[in-house]
Protein chains: 2
Amino acid sequence: MKNAKQAPSLSVQIADAIRAAIVEGALLVGDRLPSEAELAEQHGVSRATVREALKRLAAQSLIRTERGAFGGAFINHLSYDEARPQQVTTSTLLLGMNAVSFQVACEARYALERSCTSLAAERRTDALLDTMRSEIARQSDPDLTDEAFCASDVAFHRALVDSAANEVLSYHLAGSVEAMQPLMNMITFTARSRAEIVRLHHQIVTALVERRSNQIDEALTALEHYTITLGQTVMQRRRTDGMSKDGLTS
Amino acid sequence: MKNAKQAPSLSVQIADAIRAAIVEGALLVGDRLPSEAELAEQHGVSRATVREALKRLAAQSLIRTERGAFGGAFINHLSYDEARPQQVTTSTLLLGMNAVSFQVACEARYALERSCTSLAAERRTDALLDTMRSEIARQSDPDLTDEAFCASDVAFHRALVDSAANEVLSYHLAGSVEAMQPLMNMITFTARSRAEIVRLHHQIVTALVERRSNQIDEALTALEHYTITLGQTVMQRRRTDGMSKDGLTS
DNA sequence: AGACAATTAAATGTCTGACAAATGAAAAAT
DNA sequence: ATTTTTCATTTGTCAGACATTTAATTGTCT
């Protein structure tokens with residue numbers, strides 16, 4: 001039996017206890033935790049241990065600390081804007097570390113993205129349509145680097161999901177869409193492939209204007225298949241090119 | 001100008017630096033970081049400060065620490081199973097802290113869940129179908145508490161999304177589905193409403209067996225509208241009942 | 001009385017030095 | 001050859017100290 005699974009460290013235990021109190025609602029947004037010295041006394045540990053526990057919670061944005069008199073650790077208001085970057089980081093690492101094939105990642109991403117089409121067609125605004133149009137214009141610039149093209153692509157799709165006017169939906173979809181960017185950055189976009197993508201983006205905007213959610217679905221599906229094709233070419237070349245240690249440099 | 005935005009603390013800076021190295025791929029899974037003493041020397045800070053930085057990274061599951069002679073901090077393999085609970089916690093808190101209406105949350109959840117229907121119809125397995133059937137059986141037990149009914153409901157829907165046989169998709173959808181549980185737990189499920197939900201669950205299983213993804217969509221949409229109706233009743237009663245301080249006790 | 005400056009108290013951020021506990025490797029004993 | 005012991009390394013924890021930040025308080029001058 002090597003699975004003895006020793007007890008977690010004190011700082012983990014304390015962090016877990018406070019986290020549970022937050023999740024259960026015993027501690028509300030804006031509430032102040034006792035000072036580090038008080039927490040140390042309450043839990044019978046040193047201040048250093050309490051601090052490590054608090055840093056764990058701060059890393060999850062559950063608390064925020066302020067210095068000075070009347071400072072301390074406060075239960076943080078977790079906003080979607082704050083949570084998004086963390087989710088993107090996690091999703092990106094998950095994709096990178098788990099031998100997920102490009103195809104599986106793409107399949108998930110577009111399946112998820114299609115969940116916004118119905119609401120987007122219903123609620124699209126002129127402002128977001130303009131954003132999408134201007135991103136298409138940028139993508140048509142032949143001098144754009146591949147990386148900038150990808151960034152604009154992400155911006156386009158974020159505008160699409162934001163068109164659904166549902167914050168919760170936007171949060172989940174943004175994570176899924178942005179996490180793909182590092183994978184997309186491996187692709188070399190030729191003039192021909194860029195033209196095809198721009199064409200499908202145009203199709204999406206048109207369908208959105210005309211509130212035809214089915215056509216958005218279709219364009220996204222076409223985009224999915226086209227992207228998978230592009231991706232497989234890259235992956236194949238990488239494999240035959242003989243597994244140079246890293247997957248990022250030329 | 002009160003937005004001076006003072007420099008982040010040293011432990012934050014160090015954590016950010018290491019995190020960047022991980023995300024950029026400079027540090028690979030399994031790599032060992034220098035010992036705390038070495039990191040302290042390298043960054044010109046004390047060991048306590050380095051430790052706080054490492055605890056931040058550990059809280060995000062980016063590293064794992066081992067004690068003993070050849071121990072230290074190792075780049076963690078971030079698995080979907082590890083990341084899921086964290087995502088659920090975050091999603092749950094986001095829902096609870098952001099005055100998201102029950103309707104908006106439900107709308108997002110079911111829109112996302114419908115993104116699995118096509119793949120699920122294509123790939124469903126007998127094992128997961130059996131899981132879904134047994135959860136339906138449990139839900140039909142009139143002695144079940146409301147909380148257990150909710151838990152079974154979540155298990156049912158997780159089996160549905162897992163039927164799509166796409167790990168990435170399951171990850172995102174599980175977060176969205178499970179985050180709703182605290183909100184669902186506020187609902188009192190009458191015998192009549194339970195029967196209606198079970199009926200729709202049956203419909204989903206049947207559609208899945210017959211690979212009719214459209215019918216799964218329809219059942220999910222019906223479930224969405226029915227749940228919103230139930231939820232609004234609860235929210236209304238809560239409002240007229242005169243805002244007793246907490247939203248959890250009877 | 002009111003405006004401005006200095007003081008003070010409370011809290012986090014950081015440092016130092018120490019010891020405990022775990023753990024694998026090497027050395028010693030059988 | 002195998003088992004036991006020792007040992008060095010590293011994380012976990014503690015205690016105490018000082019630096020820094022911040023808001024409230026107090027003091028002073030007009």
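Order of the sequence lines sets the chain letters (A, B, ...), proteins ahead of strands, with each chain counted from 1.
For residues 151-188 of chain A, every residue pair satisfying the ring pair (Phe, Tyr, Trp, His ring centres under 6.0 Å) rule, not counting sequence neighbours, is listed here: A/Tyr80-A/Tyr171, A/Phe156-A/His201, A/His157-A/His201. The ring pair (Phe, Tyr, Trp, His ring centres under 6.0 Å) contacts involving residues 39-75 of chain A comprise nothing, where partners must be two or more places apart or lie in separate chains. Among pairs with a residue in residues 26-37 of chain A, those fulfilling side chain to side chain donor-acceptor pair (under 3.5 Å) read A/Ser35-A/Glu38, A/Glu36-A/Arg47, A/Glu36-A/Arg51, at least two apart in sequence or across chains. Each salt bridge (Lys or Arg N to Asp or Glu O under 4.0 Å) pair with one or both residues in residues 163-184 of chain A, not counting sequence neighbours, appears once here: A/Arg158-A/Glu178. Evaluation of the salt bridge (Lys or Arg N to Asp or Glu O under 4.0 Å) test over residues 97-112 of chain B, restricted to residues two or more places apart or in two chains, returns A/Arg123-B/Glu107, B/Arg109-B/Glu113.
Rounded to an integer number of Å, the gap from CZ of B/Arg64 to C1' of C/dT23 is 15 Å.
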- Message: So if I define the base as every atom that isn't primed, P, OP1 or OP2, how would nucleotides 9-17 of chain C read as a B/S/- string at a heavy-atom cutoff under 4.0 Å?
- Response: BBSBBBBB-
